Amino acid sequence: MSKAARIIERPQPEFGSDVIVDLLKGFGVEYVALNPGATFRGLHDSLVNYGGNHMPEIITCTHEEITVAMAHGYARAKGKPMAAAVHNIVGLQHASMAIYNAWCDRLPVIVMGGTGPMDTSRRRPWIDWVHTALVQGNMVRDFVKWDDQPGSVAAVPDSFIRAYRLATTDPMGPVYLCYDGDVQEAKLDGNIPSYSLERYPAPLPMQAPEEGFEKTIRWLLEARAPVIIADCVGRREAGYHALIELAELLGIPVLDRYGRFNFPMDNPLNLTGMQEKVLAQVDLILALDVQDLESAVNKLVQEKGHRIPTPLLSRNARIVNVSLDDLLVRSWSTDFNKLREVDLSILADTSVFLPELVRRLKDEKEELKKKASDIEKKRGEWSKIHAERDEGMAQGAREKLEEKPIATTRLYGEIAETIKNEDWILTNGTSQGRENFFIRGNKFNQILGKYKGGGLGYGLPASLGASLANKGTGKICVDLQPDGDLLFTVSALWTAAHHKIPLLMVVCSNRSYYNDEEHQDRMARLRGRPVENKTIGIRIEDPDVDFAAMARSYGHWGIGPITEPRDLGKALREALRVVKGEGRLALVDVVCQMR
Ligand SMILES: Cc1ncc(C[n+]2csc(CCOP(=O)(O)OP(=O)(O)O)c2C)c(N)n1
Ligand SMILES: [Mg+2]
């Protein structure tokens with residue numbers, strides 16, 4: 001990665017923006033992704049010449065959407081934030097969709113901006129006027145946890161500490177801090193604000209009250225066939241491990257919604273993808289951090305062009321819902337999803353709730369003994385469904401092995417085979433998530449998954465952020481990268497080259513915004529119009545994009561387009577050698593089937 005700057009000794013902060021750099025260092029912020037801009041020229045100078053461009057180090061980006069998406073991916077992988085600096089109104093507008101994606105994922109990003117001068121008598125003509133708002137934070141206020149614009153250097157520490165704490169307290173989220181040019185450039189003349197970060201400890205996580213444990217335990221022990229639906233438990237290691245313990249203790253199957261990676265794929269109780277079969281027979285659902293419970297318990301059935309939710313659950317099944325979602329509800333976007341009926345709602349952090357639940361359940365020795373044979377019987381039944389699921393997937397993949405264009409299942413299988421002896425992380429995936437059945441995660445945070453905001457342009461920058469977060473760990477970061485999503489932010493390839501960020505990138509070139517092709521297909525059928533027109537405005541052809549050449553033009557290793565199934569394995573192995581041996585990004589462009 002890039003060199004640290006030669007600095008003049010860093011004895012005492014001299015300017016307002018030096019104070020900001022001290023705070024970034026104080027919280028251990030490793031990186032600030034930015035595209036340069038005059039409104040944070042003071043901060044930029046402080047990062048380089050006061051901070052030494054180290055902890056945090058500047059990551060130069062070619063678009064503000066990339067800066068925030070990178071920080072989003074970093075937070076997902078690391079569990080803590082890095083920063084993104086965005087130039088006044090214009091940079092913030094470019095960044096806004098990526099901020100929204102981070103918001104929907106409840107992940108922390110410290111977004112910093114510059115503005116002003118707010119004192120109009122000090123403005124340069126034109127540019128300072130068109131690039132200043134009253135106030136800039138308004139633009140993103142509906143989808144950040146907090147925004148602030150401190151009016152003086154003395155107000156900077158409080159503002160930053162509050163922002164950091166809010167961003168990193170569950171449910172986490174992005175924050176926006178806007179710094180007036182005059183505040184950044186103010187000379188301190190010895191008036192250095194003093195604070196002691198140890199006196200601002202992170203709040204302890206939120207635990208359930210007694211009644212929550214008492215009822216959940218009673219209902220779990222009474223249930224004939226309970227099931228767990230998990231969405232974001234895997235954001236914390238303690239929650240991830242406690243979930244495995246809970247499932248195994250009572251033989252409960254787990255359906256993973258992949259907000260984060262929640263449950264090992266090879267565990268026989270992992271029944272992800274089998275919800276139709278499972279939900280029909282359960283009498284208790286323990287929903288853990290499930291943002292969209294509606295989708296989790298319904299099947300979407302096509303009817304006259306609409307997808308109608310059809311219940312999968314029997315009406316008398318009880319639902320216990322444990323989440324912190326209600327703490328982050330705003331009125332502007334309805335990312336809180338449909339309101340669901342439940343029987344017990346517990347506002348608690350699963351990373352402390354689940355370990356305590358397991359501890360208490362283990363104390364119910366008599367009850368567990370009574371249930372032991374029922375639990376074993378059920379465990380056997382669930383394991384059988386697990387095995388059938390996997391065999392069905394494998395059979396489907398075998399049938400498509402030699403197909404051309406290359407079947408996606410073959411692609412996933414070849415990737416899995418290539419990295420099987422590595423310590424790997426899948427940093428991004430497809431919208432369907434089917435790769436998770438083939439590239440099988442079995443470790444905490446091994447699959448970083450998709451984003452709930454649904455705004456395209458995420459995959460490459462987020463994967464680079466995840467790779468930065470894993471620097472020095474020896475882990476191989478793999479970006480399974482749909483082509484349409486990539487084209488939004490493809491210039492992040494430059495950042496990867498400049499900062500030497502390793503990544504194994506596999507582009508799924510179906511040469512289409514295929515998700516929408518299905519919509520056009522349905523529209524045409526519904527309206528009795530020519531179905532063959534469904535590709536117009538959708539296909540990414542004529543010309544085909546040469547992603548490998550594009551990678552090479554940025555200084556990376558690139559191969560493809562791979563069209564022959566038999567060429568795939570070798571290309572992936574070569575790419576892995578480059579990533580592992582040379583610590584670089586290698587791109588494999590694979591022409592594959594639509595789904
Ligand atoms: C910013 C943004 N613009 C447009 C869309 C609408 N959209 C949803 S999925 C999709 C197609 C994605 O194509 P690709 O990434 O290649 O995945 P594929 O469906 O082909 O697997 C589009 C255009 C969106 N979600 N976000
Ligand atoms: Mg596509």
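Here the structure is a predicted model, which is why all the values come from computation and not from measurement. For ligands, and for the atoms within them, numbers begin at 1 and follow the listed sequence.
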Notebook entry, point to check: Taking both backbone and side-chain atoms of Pro482, is any N or O found less than 3.5 Å from an N or O belonging to ligand 1?
Noted result: no

Check: Counting only heavy atoms, which portion of Ser512 has something under 4.0 Å from ligand 1: side chain, backbone, both, or neither?
Finding: backbone

Note to self: Considering non-hydrogen atoms of the protein only, which is the closest contact for atom 9 (S) of ligand 1, and what is the distance?
What the structure shows: Asn515 ND2, 3.3 Å

Check: Got the closest protein heavy atom to atom 13 (O) of ligand 1, with its distance?
Finding: Tyr513 CA, 3.5 Å

Margin query: Given Glu517, which partner from the list Arg522, Arg539, Arg595 fulfils the salt bridge (charged side-chain N to carboxylate O under 4.0 Å, His left out) test?
Written below: Arg539

Notebook entry, point to check: Judged by atom type as modelled, is there a donor-acceptor pair below 3.5 Å linking the side chain of Asn428 to the main-chain atoms of Ser463?
Noted result: no

Notebook entry, point to check: Using heavy atoms and a threshold below 4.0 Å, how should the contact between Asn510 and ligand 1 be classified: side chain, backbone, both, or neither?
Noted result: side chain

Next item on the list: Enumerate the atoms of ligand 1 whose separation from the nearest heavy atom of Tyr514 is less than 4.0 angstrom.
Entry: 18 (P), 19 (O), 20 (O)

Item checked: Geometry at the Mg ion (ligand 2) - Ser512 O versus Asp483 OD1 angle, rounded to 10 degrees -> 110°

Next item on the list: Output yes when the distance from some N or O of ligand 1 to some N or O of Ser431 is under 3.5 Å, and no in every other case.
Entry: no

Notebook entry, point to check: Which heavy atom of the protein is the closest neighbour of atom 14 (P) of ligand 1, given with residue, atom name and distance?
Noted result: Gly484 N, 3.6 Å

Note to self: If we set the cut-off at 4.0 Å for heavy atoms, which region of Met97 has an atom near ligand 1: side chain, backbone, both, or neither?
What the structure shows: side chain

Notebook entry, point to check: Taking Arg410 as the fixed residue, which of Glu403, Glu402, Glu564 is the one that meets the salt bridge (charged side-chain N to carboxylate O under 4.0 Å, His left out) rule?
Noted result: Glu402

Item checked: Gap separating the OH atom of Tyr258 from the NZ atom of Lys452, nearest 0.5 angstrom -> 12.5 Å

Note to self: Test of understanding: given a 4.0 Å heavy-atom threshold, classify the contact between Asp516 and ligand 1 as side chain, backbone, both, or neither.
What the structure shows: side chain

Item checked: Contact check: Asn510 to the Mg ion (ligand 2), N/O/S below 2.8 Å -> yes

Check: So, Ser467 versus Asn470: side-chain donor-acceptor pair below 3.5 Å or not?
Finding: no

Check: Which residue and non-hydrogen atom of the protein lie closest to atom 2 (C) of ligand 1, and at what distance in Å?
Finding: Leu456 N, 3.7 Å

